[in-house]
Visitor: 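Submitted below is the structure of interest, expressed as structure tokens.
This is a predicted model, so every value here is computed, not measured. In what follows, chains are A, B, ... by sequence order, proteins preceding strands, each numbered from 1.
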Amino acid sequence: MRIIKFLIIKEFRQIFRNKGMLPILFVAPVLQLLILAYAVTYEIKNLKLYIIDYDQSSFSKRLSEKFTSTDHFILSGQSYTDKKAYKSLDENKSDLILIIPKSFEKNLTVSKHEKIQFLVNAIDGAKAAVSISYAQNIINDFVQEINQELAGKYILTPIQGYGPPKQIHTSSLNWYNPELDYKTFMVPGILVLLVTLIGGFLSSMNIVREKEMGTIEQINVAPIKKHQFIIGKLFPFWILGLVELGIGLIIAKLFFDIPFVGSILLLFAFAAVYLLVVLGIGLFISTITETQQQAMFVSWFFLVIFILMSGLFTAIENMPVWAQKLTLFNPLRYFMEVVRMVLLKGSGIMDVKWHFIIMLSFGILINLLAVLRYRKTIS
Amino acid sequence: MNRFNAFVRKEFYHIFRDYRTVLILFGMPIMQILLFGFAITNEIKDARIAIMDLSKDHISQKITSRILSSGYFILDSYLQSYSEIEPAFRKGKIKEVIIFEPDFAKNLEKHGKASIEVITDATDPNTATTLANYTQAIIGTYQIEMNKSSIRPITISPEFKMEYNPNMKGVYMFVPGLITIILMLVSAMMTSISITREKELGTMEVILASPMKPVQVIAAKVIPYILLSFTIAIIILVLGFFVFGVPIKGSLILLLLETILFIITALSLGILISSVTESQQVALMISLMALMLPTILLSGFIFPIENMPVLLQLFSHIIPAKWFIIIIKSIMLKGAGFELVWKETLIIILFTLIFLGISIKKYKIRLE
């Protein structure tokens, strides 16, 4: 116990003496949180709509107006020729083009049916899909409105067999994030990133540094047991990770006003278990690399995959089934879910008990593996 | 020339002896493009929803089956009362609850009006809005059809033509972005680290003492990285084309020339970083913080720039990767010729000249 205590003191001294390290530990995360939260928005609004209205009738004008009066679309241009419209699509000045054909109004009043065309810039598939659903809704509204008016006329002069059209009113409520603020979604996710970076990256680089500099040999010949050394190395980063989470939560509350619906204690408890896993991974990486550069690259490699498959940006349910199964092995995924569930929805311990159990087994497994691989001798 | 060749060879040895790093350099882009191509999509499908049908009549059931057969939703559970909604959301499984009011069909027949309530889990606001929109569209379409029998209503069928990316594949977005990131990683980060490493280990002194001109020393350093990053870029293009069908609509030669230009930009950045730093760690941190993060976040690679706050939008202008991504997207996906990308090209050339100018000024033949 005494040996571990001294090792931990040594480690803390080393961390705090390194002037280059302090900003990385405390300033960089704050900056990251602030910048990431603003940069990482997938919010889709202000789609740039170009309208080609060949008809110029009162109907076509009403339809155009319906589009531009919502805050989903802004008018990027209007013309009577395709060429200009295509060019603006090519130059990224428009996201989609609405083409209203000639005799739009005439066809609607006479044959009651008409086609309109949209050209959508689909390079960003997700954005395209959302803009389609927006457009579809606006058109439905428009059709509904016109039908309502037509029906109004029928009520004044009732015709046999035609009743007024029925109306289904759909209202939607957005729970847990009524303003649909993307930051409410992202900030908790970024907290997970911060904790992971400190736990995984720095711990692996720290151990490898002793290897690279040769100081590990001194520790190897000292009467320090394997587990004492490992605990001494990992404990400081475990504490730092939790401190980092605390700082992140304070910023999230004060700066972004993220609601804390659930229990913060539960969140810290989960983070404590999660950090065991991340530290274990860091330790494992340090046993398979020789230089800091290598450790850095290996961590980077895994981190990118873990982040992409964590549901931070893209929902896991959208992935194909095999990929969803793969994410079951991704520790980030569990923490990402827990942080959002607890902070935003107020989920309790019973809602996340499986997350706890899985995380704990991961932690035991990876640390066992790392300790087994760790050698006190240098090859 | 012979001497120069030897230097280039030395650098190659350096790179390839560290097999782990080489493995990762080649493995990472391949892994990422496979992930992006196969696993990561923003298209919403199979969202789990719960239905609370307080009416259970023929219309509410018809609408339910419409919604469930749309391909966007799968049924998680039926709820019986409002008190079950909150716990269902808390468990984190369902994304949306659709509530039919009691006497739904009756109200519709009698008063011509009935209402449906949609509650979404807006912790993920994008999914929430999209799901609500899909639901609304399905109900709206149903309503119009339902009214066909009452009056002859008008119908409008919109036809959506997907330009540039007909199947809306996410990988179209990612191939250009991935190339850019890898070029940055290999050209800028690796070069800066490898030059500072020579400084740190003291071997730079030996090189500087050799009869080679400083320009030659640097050129010999960067040539292997040019080849390496160019190879990786081509691997990504080939994978994108053959595995995922990402087209190269424009001129391949123009694309490759622009790629080489951007490699030079990235290298000049790497040289610049190495000329102002002394240790590998600092070089690494600067590369990560000042190059990688902005390149990933502010280049329009994943996140659309136009939705960011104005300050970040302005900041994105000074990120060379942003312009390069515009260029390769235009060439690959839109088939743009040089006349559409000359402005961006010019901007990148300008950046390169500035970076090179500063690093030449900062470059010291002597060590302190």
Visitor: About how many Å separate CD1 of A:I132 and CG of B:N133, when rounded to the nearest 0.5 Å?
Guide: 12.0 Å
Visitor: Non-hydrogen atoms of chain B under 4.5 Å away: do they reach the side chain of A:V298, the backbone, both or neither?
Guide: both
Visitor: What residues, two or more places apart in sequence or in another chain, satisfy side-chain contact (heavy atoms from CB on, under 4.5 Å) together with B:D76?
Guide: B:R48, B:K93, B:I94
Visitor: For B:T135, which atoms come within 4.5 Å of any heavy atom of chain A: side chain, backbone, both, or neither?
Guide: neither
Visitor: First locate atom CG of B:L35, then atom CE of A:M319, and finally report the distance between them rounded to the nearest 0.5 Å.
Guide: 8.5 Å
Visitor: Between chain A and each of B:L25, B:L333, B:D121, count heavy-atom pairs under 4.5 Å; write down the option with the most.
Guide: B:D121
Visitor: Counting only non-hydrogen atoms closer than 4.5 Å, does B:M31 touch chain A with its backbone (N, CA, C, O), its side chain (CB onward), both, or neither?
Guide: side chain
Visitor: With chain B, which of A:M309, A:E337, A:M186 has the greatest number of heavy-atom pairs at distances under 4.5 Å?
Guide: A:M309
Visitor: Mind ranking A:T327, A:I288, A:L31 by heavy-atom pairs under 4.5 Å with chain B and telling me who comes out on top?
Guide: A:I288
Visitor: Under 4.5 Å from any heavy atom of chain B, what part of A:N121 do you find: side chain, backbone, both or neither?
Guide: both
Visitor: Does atom CZ (A:F118) have a neighbourhood of more than 12 heavy atoms from anything else shown, all under 6.0 Å?
Guide: yes
Visitor: Side chain from CB out, backbone as N, CA, C, O: work out which of these in B:Q32 comes under 4.5 Å of a heavy atom of chain A, or both, or neither.
Guide: side chain
Visitor: Do you know the tightest heavy-atom contact between A:K345 and B:F89?
Guide: NZ-O, 3.0 Å
Visitor: More than 12 heavy atoms of other residues, nucleotides or ligands under 6.0 Å from CH2 of A:W322: is that the case?
Guide: yes
Visitor: Quick one: what part of B:E101 sits under 4.5 Å from any heavy atom of chain A, side chain, backbone, both or neither?
Guide: neither
Visitor: When you measure from the side chain of A:S347 to the backbone of B:R90, do you find a donor-acceptor pair of N or O atoms at a distance under 3.5 Å?
Guide: yes
Visitor: What part of B:A137 gets within 4.5 angstrom of chain A, counting heavy atoms only: side chain, backbone, both, or neither?
Guide: both
Visitor: Where does B:M332 contact chain A at under 4.5 Å (heavy atoms): side chain, backbone, both or neither?
Guide: neither
Visitor: Of all of B:I139, B:I63, B:L311, B:D46, which one pairs up most often with chain A through heavy atoms under 4.5 Å apart?
Guide: B:I139
Visitor: Does the B:K334 side chain pair with the main chain of A:L89, one donor and one acceptor, at a distance under 3.5 Å?
Guide: yes
Visitor: Sort out for me which of A:I123, A:L119, A:N177, A:N140 touches chain B most, counting heavy-atom pairs under 4.5 Å.
Guide: A:I123
Visitor: What closest approach, in Å, do B:E86 and A:Y176 show between heavy atoms, and which atom pair accounts for it?
Guide: OE2-OH, 3.4 Å
Visitor: Is there side-chain contact between B:F160 and A:Q136, with heavy atoms separated by less than 4.5 Å?
Guide: yes
Visitor: Among A:N174, A:D351, A:I116, single out the residue with the greatest number of heavy-atom pairs under 4.5 Å to chain B.
Guide: A:I116
Visitor: Treating B:T120 as the side-chain partner and A:L173 as the backbone partner, does any N or O pair qualify as donor plus acceptor under 3.5 Å?
Guide: yes
Visitor: Is the shortest distance from a Lys or Arg side-chain nitrogen in B:D124 or A:R340 to a carboxylate oxygen in the other one below 4.0 Å?
Guide: no
Visitor: Could you have a look at B:N107, B:I99, B:T123, B:I85 and say which one has the most heavy-atom pairs with chain A under 4.5 angstrom?
Guide: B:T123
Visitor: Checking heavy atoms, do the side chain of B:I119, its backbone, both or neither come under 4.5 Å from chain A?
Guide: both
Visitor: Using a cut-off of under 4.5 Å for heavy-atom pairs, which of A:L308, A:I139, A:V342, A:T184 has the most such pairs with chain B?
Guide: A:L308
Visitor: For chain B, which of A:L108, A:L343, A:I316 has the most heavy-atom pairs under 4.5 Å?
Guide: A:L108
Visitor: Closer than 4.0 angstrom, basic N to acidic O: yes or no for A:E317 and B:K95?
Guide: yes
Visitor: Tell me the closest heavy-atom pair linking A:F301 and B:M28, and the distance in Å.
Guide: CE1-CA, 3.5 Å
Visitor: Examine whether an atom of B:F315 lies under 4.5 Å from a heavy atom of chain A, and if so say whether it belongs to the side chain, the backbone or both; otherwise answer neither.
Guide: neither
Visitor: Given heavy-atom pairs under 4.5 angstrom as the criterion, report whether the side chain, backbone, both or neither of B:L340 touches chain A.
Guide: side chain
Visitor: Please list, chain by chain and in numerical order, all residues satisfying salt bridge (charged side-chain N to carboxylate O under 4.0 Å, His left out) with A:D90, sequence neighbours excluded.
Guide: none
Visitor: Quick one: are A:Y134 and B:T129 in side-chain contact, heavy atoms under 4.5 Å?
Guide: yes
